[in-house]
Amino acid sequence: MKDPVTISTGITYDRESIEKWLFSSKNNTCPVTKQVVSDPDLTPNHTLRRLLQAWCALNASHGVERIPTPKPPISKAEISKLLNDAAKSPQSVTKCLRRLRSIASESEANKRSMESVGAVEFLASVLIKGDTEQQAEALSVLYNLQVSESALQSLLGKESELIESLVKLIQRGTYESRAYAVMMLRSMFEVADTMKMINLRPEFFCEVVQVLKDQISTQASKATLQLLIKVCPWGRNRIKAVEAGAVNVLIELLLDASPDRRTHEMAMMVLDMACSSAEGRAELLKHGAGLAVVSKKIMRISKVASERAVRILFSICKFSATSSVLQEMLQLGVVAKLCLVLQVDSGSKTKEKALEILKMHARTWKSSICIPNNLISSYPS
């Protein structure tokens, strides 16, 4: 314990630990008493801190270092003055943003104080009205604040231009700004209402898909996939994503062996959503490696990926199964893979879908020489 603080339940903790518990992990109860922490303010326990420092001094000969007196968190009044000064003088906005970044980096308590006195709204206004440099700085501070759910909902409700500003930053910003912008959008749409998601413009999907294509960073790619998973089920969004080139980008991502398991799973989830539309299935079949890469993911990544792969094949077989598509599935070993699914522990839903696919086109496939002899017995009658 280096910086003891007492919370509203009367229990004392180390500042860094309790801030992580309450703010980073977003818990609202006292770890000891399990009571709800009604007041998030932390009160320094000076008496305990002085006792700790005295103990350290007594044991200095044993190699114990003295605990330094911690720097107190900045007051809300100081932050308010900083914001008010910047609002009155546009020339001081950049200086204010840099100071806010410094304040936020010092402690979780500072971040919460910033949010409570209106820093989030100030940063959003800079994102909408500021120049490119100010927008990049404001976005960096806003994302790293890790604002609360209520503040995110407030941004979505009051700042209709904010999403458009973030999309423009994705379009013309630096790699860092583009990554922050897509991660900020991900956070915002986690708490967005349905109408916000239904009304998204095609330009939104074009820029978001481009981030995925450019492979800016692993974190940005995962945030993009999470964002697409959140918004694609609503309205015509899956078609907008397909028209933005999402299917081709996802196939290329799946062909790359470097992404981790979770990235592959999320890419399969988005591809499954896209293939629930005729446009998405057409794009998958148009790509030379589309069927092959989906089949390859069965029993290679995880049960989640296998389930999504079989779902995609089911959509293809039910709605887009031309004779040439069925023959291609035979030649690529897709049918043999589906027979294998019936023999292994791949989950009941996945087995049911595989069984349906095989029964659906039994006349075309059952007598084919493309199915290995050891799997023919698995083919459903």
Side-chain angles (χ1 to χ4, degrees), residues 182 186 189 197 200 202 204-215 218 220-322 325 328-329 332-335 337-338 341 346-347 349-350 353-354 356-357:
V182 78
R186 184 266 316 271
F189 279 102
M197 291 187 275
L200 288 171
F204 172 92
F205 292 92
C206 289
E207 300 308 327
V208 166
V209 169
Q210 190 63 44
V211 171
L212 195 59
K213 183 178 180 179
D214 291 344
Q215 293 289 287
T218 301
S221 294
K222 286 185 176 181
T224 303
L225 290 168
Q226 290 165 343
L227 178 58
L228 289 170
I229 288 167
K230 185 67 180 177
V231 301
C232 277
W234 304 102
R236 296 185 72 257
N237 286 349
R238 68 195 71 189
I239 297 173
K240 294 173 189 174
V242 171
E243 290 171 347
V247 172
N248 285 338
V249 172
L250 289 165
I251 292 171
E252 295 300 325
L253 177 64
L254 291 166
L255 286 169
D256 185 355
S258 57
D260 60 22
R261 178 179 63 85
R262 185 55 186 155
T263 300
H264 273 108
E265 288 176 348
M266 291 191 292
M268 291 298 293
M269 290 171 72
V270 180
L271 190 57
D272 179 24
M273 292 180 191
C275 287
S276 65
S277 69
E279 294 85 351
R281 294 190 294 273
E283 288 297 313
L284 178 80
L285 295 172
K286 194 187 298 182
H287 195 292
L291 283 173
V293 76
V294 170
S295 173
K296 188 178 179 181
K297 300 307 172 186
I298 298 175
M299 298 185 298
R300 291 286 292 273
I301 306 296
S302 66
K303 284 189 176 182
V304 172
S306 295
E307 181 183 343
R308 292 292 174 167
V310 172
R311 279 169 57 101
I312 292 167
L313 294 174
F314 180 82
S315 295
I316 296 291
C317 289
K318 186 170 183 178
F319 302 108
S320 307
T322 63
V325 168
E328 184 182 358
M329 291 179 75
L332 290 171
V334 177
V335 182
K337 199 72 168 281
L338 291 170
V341 166
S346 54
K349 289 183 179 179
T350 303
K353 287 288 183 187
E356 282 188 67
I357 295 169

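For the single chain, residues carry numbers from 1 onward in sequence order.
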I want to check something: taking the side chain as every heavy atom from C-beta on, are K349 and V310 in contact at a cut-off of under 4.5 Å? no
Closest non-hydrogen atom pair, A292 against L332: N-CD1, 4.0 Å
Within the structure provided, determine whether M268 and I301 are in side-chain contact (heavy-atom separation under 4.5 Å). no
Nearest-0.5 Å distance, CD1 of residue I312 to CG of residue L271: 4.0 Å
Got a sec, which residues hit side-chain hydrogen bond (donor to acceptor under 3.5 Å, both in side chains) with S315, two or more places apart in sequence or on another chain? none
Donor-acceptor pair, side chain of K297 and main chain of L254, under 3.5 angstrom: yes
Listing, residues 239-253 side-chain donor-acceptor contacts under 3.5 Å, not counting sequence neighbours, or none:
residue : atom : partner : partner atom : Å
K240    : NZ   : L200    : O            : 2.6
E252    : OE2  : H287    : NE2          : 2.8

For F314, which residues count as a ring pair (Phe, Tyr, Trp, His ring centres under 6.0 Å) partner, sequence neighbours excluded? none
Sorted by chain and number, sequence neighbours left out, salt bridge (Lys or Arg N to Asp or Glu O under 4.0 Å) with D214 holds for R178
Residue pairs involving residues 262-291 (criterion salt bridge (Lys or Arg N to Asp or Glu O under 4.0 Å); sequence neighbours excluded): R261-E265, R262-E265, D272-R308, D272-R311, E283-K286
For S295, enumerate each residue passing the side-chain hydrogen bond (donor to acceptor under 3.5 Å, both in side chains) test, keeping only those at least two apart in sequence or located in another chain. none
If only atom types and distance count, is the side chain of K337 paired as donor or acceptor with the main-chain N or O of I298 below 3.5 Å? yes
Which atom of S306 lies closest to which atom of T350, heavy atoms considered: O-CG2, 4.2 Å
Sequence neighbours excluded, which residues qualify as side-chain hydrogen bond (donor to acceptor under 3.5 Å, both in side chains) partners of K296? none
Quick one: pull up SG in C275 and CG in L284 and give me the separation to the nearest 0.5 Å. 4.5 Å
Donor-acceptor pairs under 3.5 Å, side chain of residues 223-234 to any protein atom, not counting sequence neighbours: which ones?
residue : atom : partner : partner atom : Å
T224    : OG1  : A220    : O            : 2.8
Q226    : OE1  : R186    : NH1          : 2.4
W234    : NE1  : K230    : O            : 3.4

With sequence neighbours excluded, tell me which residues meet salt bridge (Lys or Arg N to Asp or Glu O under 4.0 Å) with K222. D260
Listed partners of Q215 passing side-chain hydrogen bond (donor to acceptor under 3.5 Å, both in side chains), at least two apart: S221
